[in-house]
Amino acid sequence: MFNGVPKSVVLASLLGLIPIFIGIASTFNIGLDENLKDHFIRIAIIYSGFILSFMGGCTFYVSSLEREREILLWFSVAPVLLALLSIVIPFMQSFVLALGFLVVLEIERKLHKIGALPEWWLKLRFPMTSFVVVLLIFLGFRI
């Protein structure tokens, strides 16, 4: 699945899923105090917003390198705005964040198509984004 992706990048990406997994695990009846459960879920949502903003920043940087990518530069601001919107709409937070990750993936697809990203990039991003979107949707239904 991650053929050709540097191992350190794969490891960092997979370890980055831990806070989301902790948030999801806390939604199950595993004997956690409700207050602690709420904190873990909140941490997972906030962390996802940070990662979404980071990914938007990455696409902003790559899009800013050449003038022909100017439209993608403007679209790369959308993930940060969606992360902020998720704060305003508490009952839809994880769904708005999932949408943001899909927006980033589409921007990355366009950047990959014009040769602005390493050849291995989508081999990492597509499965990781798909997995994160599924986890966020699951978290949204479990809250």
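In what follows, every heavy atom counts, from backbone to side chain, and hydrogens, waters and symmetry copies are set aside. Residue numbers run from 1 in the order of the sequence given.
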Same apolar cluster: Val62 and Phe54, side chain cutoff 4.5 Å: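 In one cluster with Val62: Phe54, yes.
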
Hydrophobic cluster membership, Val88 vs Val77, 4.5 Å side-chain cutoff: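 Val88 and Val77: separate clusters.
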
What distance separates [X] [atom1] from [Y] [atom2], expressed to the nearest 0.5 Å?
X	Y	atom1	atom2	value
Phe101	Glu106	CZ	CD	16.0 Å
Thr129	Met55	OG1	CE	6.5 Å
Leu105	Leu122	CG	CG	7.0 Å
Leu85	Ile87	CG	CD1	9.5 Å
Ile41	Ile22	CD1	CD1	12.5 Å
Cys58	Ile107	SG	CD1	11.5 Å

Within a strict 4.5 Å, meaning less than it, do heavy atoms of the [X] and [Y] side chains meet?
X	Y	result
Phe126	Arg109	no
Gln93	Ile89	no
Val134	Ile137	no
Val132	Ser48	no

side-chain contact (heavy atoms from CB on, under 4.5 Å) assessment of Trp121 paired with Leu111: CA-CA 10 Å; Trp121 191 263; Leu111 288 169; over 6 Å; no

Can you name the nearest heavy-atom pair linking [X] to [Y], along with the distance?
X	Y	answer
Ser76	Thr59	CB-OG1, 3.2 Å
Ser26	Phe40	OG-CB, 3.5 Å
Leu117	Glu108	CD1-O, 3.4 Å
Pro79	Val104	CG-CG2, 3.3 Å
Ile45	Ser94	CD1-CB, 3.8 Å
Leu139	Ala44	CD2-CB, 4.2 Å

Full working for side-chain contact (heavy atoms from CB on, under 4.5 Å) between Phe2 and Met128: CA-CA 10 Å; Phe2 298 120; Met128 288 297 294; 4.2 Å; yes

Step-by-step side-chain contact (heavy atoms from CB on, under 4.5 Å) determination, Leu14 to Leu17: CA-CA 5 Å; Leu14 292 174; Leu17 295 174; 4.2 Å; yes

Sole residue of Phe138, Tyr47, Phe131 in ring pair (Phe, Tyr, Trp, His ring centres under 6.0 Å) with Phe21: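 One option only clears the test, and that one is Phe131.
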
Ser63 side chain to Phe60 backbone, donor-acceptor under 3.5 Å: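 Here the side-chain-to-backbone pair does not exist.
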
Test log, rule side-chain contact (heavy atoms from CB on, under 4.5 Å), inputs His112 and Arg125: CA-CA 11 Å; His112 189 267; Arg125 296 302 310 139; over 6 Å; no

Ring centre gap for Phe95 and Phe141 strictly below 6.0 Å: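 Yes, the ring centres sit under 6.0 Å apart.
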
